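Owing to the predicted nature of the structure, the values given are computational and were not obtained by experimental measurement.
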Amino acid sequence: MSKPSNYDLIKEAILALKERSGSSPAAMKAYLGKQHPTITIDHRFLTALKSGVAAGKLIKVKRGGG
């Protein structure tokens, strides 16, 4: 069985965490570490997040502050 794409892993984490205000990368990494212990979450994970936002597949939720 092949490794799922980073986008598929991100999508799985977001749907499973069900955070109304968005899921942090740290929370997604923690979830995926528990669900997929054999998969290494590395710098390509954050790159996939940024690419997903740039492509319009994901929406970045801006958090408060000033």
Side-chain angles (χ1 to χ4, degrees):
M1 187 167 143
S2 65
K3 174 188 179 273
S5 71
N6 281 320
Y7 175 74
D8 290 335
L9 291 172
I10 292 166
K11 184 177 167 184
E12 175 188 338
I14 291 171
L15 293 174
L17 292 170
K18 297 179 185 177
E19 296 287 334
R20 285 179 48 110
S21 59
S23 301
S24 70
M28 287 188 266
K29 285 182 179 182
Y31 169 81
L32 293 170
K34 291 178 185 174
Q35 297 299 315
H36 302 281
T38 59
I39 294 177
T40 304
I41 306 296
D42 56 12
H43 67 280
R44 289 176 288 223
F45 179 80
L46 290 177
T47 303
L49 273 173
K50 290 177 186 176
S51 297
V53 170
K57 291 182 177 180
L58 300 171
I59 298 171
K60 182 173 182 175
V61 178
K62 296 188 180 192
R63 301 239 173 161

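Distance check: I10 CD1 to L49 CG gives 4.0 Å after rounding to the nearest 0.5 Å. To the nearest 0.5 Å, atoms NZ (K3) and CG (D8) are separated by 9.5 Å. Put simply, CG on D42 and NZ on K29 are 8.5 Å apart, with the number rounded to the nearest 0.5 Å. Atom OH of Y31 and atom CG of L15 lie 9.0 Å apart (nearest 0.5 Å). From I14, atom CD1 reaches atom CE of M28 across 5.0 Å, with rounding to the nearest 0.5 Å.
No side-chain heavy atom of I39 sits less than 4.5 Å from a side-chain heavy atom of L32. Residues V61 and E19 are not in side-chain contact: their nearest non-hydrogen atoms beyond the backbone lie 4.5 Å or more apart. Within the 4.5 Å cutoff, the side chain of E12 has heavy atoms near those of the L9 side chain.
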